[in-house]
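One structure is given below, encoded as structure tokens.
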Amino acid sequence: MKRLLTVALFLVLSAQAHAEGLAERVKEYTLANGMKLLMVERHTSPTVAAWIRFKVGSVDERSDERGLAHLLEHMLFKGSKTLGTTNYEAEKPLLDKIEVVANEILREKAKREKGDAARIATLETELKNLEKEAGKYVVKEEFAQVYNRNGGANYNAYTSKDGTTYLISLPSNKLELWAAIESDRMQNAVLREFYTERSVVMEERRRSYEAEPEGKLWETFLASSFNAHPQGQPVIGWMSDIENLTRTKAENFLKRYYAPNNAIIAIVGDIDTQKTIELVEKYFAHIPPGTPVPPVAVEEPQQQGEKRIEVIGDAGAELMIGYHKPTLPHQDDLVFDVINMILSDGRTSRLHKKLVVEKQLATGVGAFSAPGHRYPNLFIVSASPREPHTVKEVEEALYAEIEKLKSEPVTERELQQVMNKLEYEEARQMLSIGGLARNLTEYEAIAGSWRYLIEHRKAVAGVKPEDIQRVAKKYLTKENRIVGFITKQEVAEK
């Protein structure tokens with residue numbers, strides 16, 4: 001126990017030291033084409049973390065593009081004109097033929113019952129043959145192979161409502177290799193094996209959403225929460241969306257948005273700032289800017305009454321309760337950060353102590369803001385009822401704890417615990433070069449400045465008990481809430 005306390009104290013003190021110096025240590029540079037570069041020198045080991053964040057996510061898709069950002073995340077691992085192929089000149093005519101046939105299939109299927117089934121079958125056979133022929137030129141996972149041979153680790157990517165990020169950690173003497181690969185990918189990406197990968201994503205959707213009651217609850221909950229705003233659409237897209245995505249649409253989306261003016265790069269680790277700037281200029285400066293990602297103009301109408309969603313499936317009971325709320329930099333979003341930690345952060349949190357430990361109504365509880373953070377979102381409280389307790393019992397217990405936020409001021413001790421946990425979490429993230437690179441790119445993209453990272457804790461410290469009561473009374477109301485739950489499917493008697 002003494003050792004754990006010592007480690008915790010070390011992390012908190014480290015966080016304070018890093019945060020105090022971060023304002024001076026983060027170096028910013030903007031290329032003429034609009035690319036933003038953030039750098040932090042850390043010479044503790046001969047490694048670097050390099051993250052590229054594109055400020056385009058699923059919330060930025062048009063109605064005929066839903067699922068494209070996620071599918072492109074998959075596709076950008078497929079290579080370029082030089083990597084991922086043994087002969088691009090021979091491969092390209094086949095890729096063009098594949099696109100013609102694939103679009104003919106979609107046009108015929110769009111006729112629905114009037115479509116020619118025999119023609120569709122013939123075209124699908126032709127498509128498979130063309131894909132097989134083009135596959136002869138494909139070098140699988142060549143980006144990953146090159147990185148692996150050169151000591152790369154944690155090579156990955158992820159897509160969210162707010163953006164798309166590509167990341168890698170590698171030896172510092174291989175940073176120029178990273179610049180060469182990523183600049184090549186940014187300007188010369190080839191979306192080979194597009195329709196094969198589209199099928200992979202469709203299977204991912206079937207497995208993670210359509211076959212899983214928990215996944216179905218989540219996407220139904222979000223879709224029901226937002227009538228107008230694209231926050232409610234699934235990042236992966238609906239099945240019919242994915243089925244109608246084409247390589248042409250994906251290439252247009254890629255050309256439009258995956259460009260320097262929509263990109264933020266964070267490089268943290270064993271670097272020389274000036275040499276890093278020169279390196280990035282050498283490899284990225286000549287790439288022309290794309291189209292700035294336009295803001296989503298639609299605003300979600302104010303909800304006028306409680307919404308309830310039930311999903312019946314072969315799974316244990318689950319419960320979600322959501323409330324519409326503003327996002328950063330709104331002051332009330334900071335208050336929700338505090339409410340979140342008071343209710344659910346750790347074993348000493350209110351919900352864990354009351355529902356899991358004392359009443360044993362639930363096996364687990366949580367609270368978080370979702371699904372994205374660039375636009376107004378939801379504050380969500382979730383719980384897994386413990387048998388034989390019901391969703392109704394757990395729901396009533398959650399409301400009781402929410403009402404306490406309105407009627408009883410939180411204690412100074414609870415607020416201090418929030419600050420302690422916040423400092424600890426910052427320390428954990430900032431001691432990792434990858435964690436710091438992630439925070440820099442995300443805050444720069446979402447909050448408009450990475451400096452929100454060092455301003456956040458100071459702003460949270462200004463939250464008072466009366467702020468929590470005011471916000472709880474304003475937003476945590478019946479008419480502003482959405483309730484979603486899973487009911488276990490009854491097995492029919494034989």
Side-chain angles (χ1 to χ4, degrees), residues 28-40 47-57 69 72-85 88 139 141-159 163-192 250-251 253-273 275-290 293 433-434 436-438 440-442 444-445:
E28 302 182 50
Y29 182 79
T30 303
L31 281 67
N33 57 17
M35 177 180 284
K36 186 69 172 284
L37 175 62
L38 303 173
M39 297 159 288
V40 179
T47 57
V48 295
W51 290 54
I52 301 179
R53 169 85 175 213
F54 291 100
K55 296 184 288 186
V56 56
L72 270 173
E73 175 208 316
H74 286 238
M75 294 309 306
L76 290 185
F77 285 92
K78 296 292 184 179
S80 65
K81 295 177 181 178
T82 54
L83 292 174
T85 182
Y88 180 64
V139 180
E141 305 289 345
E142 191 165 17
F143 280 155
Q145 290 177 29
V146 173
Y147 276 135
N148 288 339
R149 288 197 299 268
N150 288 275
N154 304 317
Y155 179 48
N156 212 337
Y158 60 89
T159 306
T164 305
T165 300
Y166 294 84
L167 57 134
I168 183 76
S169 297
L170 67 169
S172 51
N173 63 359
K174 299 297 182 180
L175 190 58
E176 185 163 8
L177 173 69
W178 165 85
I181 289 176
E182 297 306 327
S183 61
D184 181 42
R185 172 152 61 176
M186 190 177 292
Q187 60 190 323
N188 296 313
V190 174
L191 308 186
R192 53 179 56 89
E251 287 173 340
F253 195 81
L254 177 70
K255 184 178 179 180
R256 225 166 42 233
Y257 295 138
Y258 291 69
N261 57 308
N262 294 321
I264 301 162
I265 295 178
I267 301 176
V268 179
D270 186 27
I271 61 171
D272 176 280
T273 299
K275 290 181 179 178
T276 301
I277 291 172
E278 293 170 1
L279 183 67
V280 171
E281 280 277 2
K282 175 182 176 182
Y283 283 95
F284 291 93
H286 66 281
I287 304 175
V293 180
I433 59 173
L436 180 53
R438 174 178 181 145
L440 290 173
T441 54
E442 290 212 351
E444 182 71 27

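All values reported here derive from a predicted model rather than from experimental measurement.
The side-chain contact (heavy atoms from CB on, under 4.5 Å) test applied to Asn156 returns Leu167, not counting sequence neighbours. Applying the side-chain hydrogen bond (donor to acceptor under 3.5 Å, both in side chains) criterion to Asn261, with sequence neighbours excluded, gives no partner residue. For Ser80, the side-chain hydrogen bond (donor to acceptor under 3.5 Å, both in side chains) partners two or more places apart in sequence, or in a different chain, are Thr82, Asp184. With sequence neighbours left out, the side-chain hydrogen bond (donor to acceptor under 3.5 Å, both in side chains) criterion links Glu182 to Tyr147, Arg185. For Glu281, the side-chain contact (heavy atoms from CB on, under 4.5 Å) criterion is met by Tyr29, Leu31, Ile277, Ala285, not counting sequence neighbours. Among residues two or more places apart in sequence or in another chain, the side-chain hydrogen bond (donor to acceptor under 3.5 Å, both in side chains) test is passed with Lys55 by none.
Using the six-membered ring where Trp is involved, Trp178 and Phe284 have ring planes that are tilted, between 30° and 60° apart. Between Tyr155 and Phe77, the angle of the ring planes goes over 60°, which puts this pair in the perpendicular group of the 30/60° scheme.
Thr164 contributes a side-chain N or O that, together with a main-chain N or O of Val56, makes up a donor-acceptor pair within less than 3.5 Å. For the pair Arg53 (side chain) and Ala263 (backbone), a donor-acceptor distance under 3.5 Å is absent. Remark: side-chain polar atoms of Gln187 are paired, donor with acceptor, to backbone N or O of Ser183 under 3.5 angstrom. Between the side chain of Asn262 and the backbone N or O of Tyr258, no donor-acceptor pair lies under 3.5 Å.
Counting only heavy atoms from C-beta outward, the side chains of Val40 and Leu440 approach each other to under 4.5 Å. Taking the side chain as every heavy atom from C-beta outward, Arg192 and Tyr88 approach each other to under 4.5 Å. The side-chain heavy atoms of Asn188 and Leu83, taken from C-beta on, include no pair separated by under 4.5 Å. The side-chain heavy atoms of Val268 and Val48, taken from C-beta on, include no pair separated by under 4.5 Å.
Between Ile433 and Gly269, the shortest heavy-atom distance links the atoms CG2-CA, 4.4 Å. In plain terms, the two heavy atoms of Ala259 and Pro288 that are nearest each other are CB-O, 4.3 Å.
In this structure, Glu444 pairs ionically with Lys36, as a charged nitrogen and a carboxylate oxygen lie closer than 4.0 Å. With respect to Glu442 and Arg438, a salt bridge is recorded, a charged nitrogen being found less than 4.0 Å from a carboxylate O.
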Step-by-step side-chain contact (heavy atoms from CB on, under 4.5 Å) determination, Ile271 to Met39: CA-CA 8 Å; Ile271 61 171; Met39 297 159 288; 3.9 Å; yes

Using the side-chain contact (heavy atoms from CB on, under 4.5 Å) rule, take Leu177 and Val146 through it: C-alpha gap first, then chi angles, then the decisive distance, then the call. CA-CA 9 Å; Leu177 173 69; Val146 173; 4.0 Å; yes

Chi angles and distances behind the side-chain contact (heavy atoms from CB on, under 4.5 Å) call for Leu191, Leu76: CA-CA 7 Å; Leu191 308 186; Leu76 290 185; 4.2 Å; yes

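Side-chain atoms of Glu73 and Tyr166 form no donor-acceptor pair, as typed in the model, at a separation below 3.5 Å.
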